[in-house]
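Structure record follows, encoded as structure tokens.
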Amino acid sequence: MTFISMKQKIIYKSLVLMMAGLVSRLIGFAYKIFLAGHMKPNIIGVYQLIFPVYGLCYTLFAGGMQTAISRIVSRDYSKKRSCLYVAAKALVISCSISIITGFVLNLCSGLIAEYIIMEPLIDSSIKILSLCFPFAAVSACINGYYIGRKNTVVPALNQLIEQIVRVSLVAFIFLTFLNRTIISCEIAVIGLVTGEIAAAVFNIIFLSVNERPKLFNRNKFSSRMSNASNIHDSHKTLPGSYAVTFKNNNTSRELISIYAPLTLNRFILSLLHSFEAILFPVLLIKTGLNKDSAYETIGYLTGMAIPFLVFPTAITSAISTLLLPTISEAGGKGNYERCRDVTKKVIKYSLILGFLGFGIFRCFGSNLCFVFYHNETSGRYLLSLSFICPLMYLSMPIPSILNGLGKHMITFRNSCIISIIQIIMLFFTVMKWGINGYFITMYIMQIIQMILDIYSIEHEKVFDLNIKESLVIPGILICFLITIQSTLSKVFCINFNMLTILIPSIGLFSLCFIVMLMITKAIRLSEL
């Protein structure tokens, strides 16, 4: 009974984080639609250049630190030890790095904008962005502390508060001060910074209120000081609470020993992704587009079409969140049959979701973009990218499977290989075929990633795939439904550019696909 109740608690806490992620993704998606309606496409393209800068800096002061905190806290908290000292020391280290990073970024923003990003207009946005780094560091450390304690409520609320404040502030400024005119890049970045500040304030208040008794319990504090004195006098490590105090002196060293290699790996990946994001508009300009047209193209692609494409991955991300502890537990016990069974189901349902995404975007992609963004260009891009959905959605949970097995370096290796090849391919394909070269690159890279992922999990003896249920039946059914939908829409002249018709049509399309999968026994309720 104890095992079952603990397992249920883990699932419940993972579901809390999953649902918060889904709601947060939904709010973020609605926010992108709002921005797309009130920002010029070229300004959206410029705004997208903020995120590689932010991601690169965040990796330095928070990316590896959050994982380091959660690892140490998870270990010590399971042994009934106080873990506040871990959060405190991590906050000092992370905030110090974030302040230095923000200061350097603010000081060099002009040089970065003009000579690295090659867009002087982004200078002021970079200066504003640098102000949120200490607050982002605070949130990362406190979230890491609570994740280590298996308390997912705080990180979940943190996500929601950040999104709600960001969206609310930008909407308020738009309605009150901008008099419903165009939103600038700076206003959007102010919203981002304010969201990070609000999330950090929430985390600090929550930590202070909930941990206050531990911080101000005089008896414990006196006992801890006495233990520290005894250890100093005896010059040796003692068991129990003495060991905890002794361990406090080595916390910074342990944090850095975990943080440093993780940060180096993530920084390399972030650097590659940032280089790719900065290179793309430069290549478009070299094909003959002027600067505004290049950023318009990026705005239509990354600010409008791709958010639709990746929105269903909220489900695969949620699966990954639930998957990691399951694989870790089974792999730790050497139960590779369990790993194979879980992997088989995850791959199968990721592919099915991918086929459904392909069908929806193939049939309704243009209409979705027209209804929400009021332009046809983003619809054409979404239509062109719809074919990669099965491969894209398949690639989402596989890193979690490998990480659950403790194969972090394999996921790092695969990611580096993909990023390097993608940068090289973009240089040649975009220069030759323009935006179509980008689509060609995406297709080829998804195939390469699939090969690397399958090879990696097959090498770990956990790969299993039912080709009939995962590929053949879903592929045939989705092609059949696409043909039926296309025929019916032409015969009855259905106008999908109305929201009241579009959304029910997508729902009916999805329902038909699921029912047909159940009839053919490609999916079974018992598997879930």
Side-chain angles (χ1 to χ4, degrees), residues 11 14-15 18-19 21-23 25-26 29 307-323 326 341-369 371-372 382-383 385-398 400 446 450 464-489 491-492 494 496 498-528:
I11 292 172
S14 297
L15 284 172
M18 179 187 76
M19 291 307 298
L22 286 170
V23 175
R25 183 75 67 92
L26 187 62
F29 183 66
F308 265 119
L309 194 73
V310 301
F311 180 72
T313 62
I315 298 172
T316 54
S317 296
I319 291 171
S320 299
T321 302
L322 295 169
L323 185 64
T326 305
D341 182 55
V342 172
T343 301
K344 179 181 178 179
K345 291 175 182 176
V346 167
I347 289 174
K348 173 181 171 178
Y349 285 98
S350 295
L351 281 169
I352 287 173
L353 181 65
F355 280 114
L356 178 59
F358 161 64
I360 290 172
F361 296 134
R362 190 65 193 166
C363 293
F364 308 103
S366 297
N367 306 101
L368 279 167
C369 288
V371 168
F372 286 101
L382 182 57
L383 204 64
L385 288 169
S386 62
F387 292 98
I388 68 173
C389 285
L391 295 176
M392 178 184 287
Y393 297 175
L394 173 64
S395 68
M396 293 292 178
I398 290 180
S400 287
Q446 286 298 327
M450 178 194 68
D464 196 358
L465 176 66
N466 188 318
I467 295 176
K468 179 182 175 182
E469 294 180 358
S470 304
L471 290 172
V472 178
I473 294 176
I476 292 172
L477 291 179
I478 205 67
C479 290
F480 172 74
L481 284 174
I482 290 171
T483 304
I484 294 296
Q485 187 277 335
S486 178
T487 303
L488 290 176
S489 62
V491 170
F492 295 101
I494 302 173
F496 291 111
M498 296 173 61
L499 194 62
T500 52
I501 296 175
L502 180 62
I503 299 303
S505 298
I506 293 174
L508 182 61
F509 184 92
S510 303
L511 181 62
C512 288
F513 183 59
I514 292 169
V515 170
M516 291 169 73
L517 286 171
M518 294 180 71
I519 291 171
T520 56
K521 296 184 179 179
I523 62 174
R524 302 173 184 85
L525 291 177
S526 60
E527 288 182 332
L528 301 176

When you look at I398 and M450, which way does the side chain to side chain contact (heavy atoms under 4.5 Å, CB included) test go after all the steps?
CA-CA 9 Å; I398 290 180; M450 178 194 68; over 6 Å; no
For the [atom1] atom of [X] and the [atom2] atom of [Y], what is their distance to the nearest 0.5 Å?
{"X": "I482", "Y": "Q485", "atom1": "CD1", "atom2": "CD", "answer": "8.5 Å"}
{"X": "I360", "Y": "L481", "atom1": "CD1", "atom2": "CG", "answer": "10.5 Å"}
{"X": "I514", "Y": "L356", "atom1": "CD1", "atom2": "CG", "answer": "6.5 Å"}
{"X": "F513", "Y": "L508", "atom1": "CZ", "atom2": "CG", "answer": "14.0 Å"}
{"X": "L353", "Y": "S510", "atom1": "CG", "atom2": "OG", "answer": "9.5 Å"}
{"X": "I352", "Y": "I478", "atom1": "CD1", "atom2": "CD1", "answer": "10.5 Å"}

Closest approach of [X] to [Y] (non-hydrogen atoms, all atoms of both residues):
{"X": "F361", "Y": "C389", "answer": "CD1-SG, 3.7 Å"}
{"X": "R524", "Y": "E469", "answer": "NH2-OE2, 2.8 Å"}
{"X": "L488", "Y": "I494", "answer": "O-CD1, 4.2 Å"}
{"X": "G357", "Y": "Y393", "answer": "CA-CE1, 4.4 Å"}
{"X": "L383", "Y": "S366", "answer": "CD2-OG, 4.1 Å"}
{"X": "C479", "Y": "T483", "answer": "O-OG1, 2.9 Å"}

Look only at the side chain of [X] and the backbone of [Y], and say whether a donor-acceptor pair between them is shorter than 3.5 Å.
{"X": "S470", "Y": "I467", "result": "no"}
{"X": "K348", "Y": "T343", "result": "no"}
{"X": "T520", "Y": "L517", "result": "yes"}

Could you tell me whether the side chain of [Y] reaches within less than 4.5 Å of the side chain of [X], counting heavy atoms only?
{"X": "M392", "Y": "V310", "result": "yes"}
{"X": "L465", "Y": "L351", "result": "yes"}
{"X": "S386", "Y": "L382", "result": "no"}
{"X": "C363", "Y": "F496", "result": "no"}
{"X": "S350", "Y": "M396", "result": "no"}
{"X": "V371", "Y": "F364", "result": "no"}

So among I476, L477, L471, which one has a side chain to side chain contact (heavy atoms under 4.5 Å, CB included) with I473?
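Checked I476, L477, L471 against I473; only one passes side chain to side chain contact (heavy atoms under 4.5 Å, CB included): L477.
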Less than 6.0 angstrom separating the ring centers of F372 and F308, yes or no?
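Here the rings of F308 and F372 have centres that are less than 6.0 Å from each other.
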Can you list the residues that meet the ring pair (Phe, Tyr, Trp, His ring centres under 6.0 Å) rule with F358, with sequence neighbours excluded?
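Residues passing ring pair (Phe, Tyr, Trp, His ring centres under 6.0 Å) with F358: F387.
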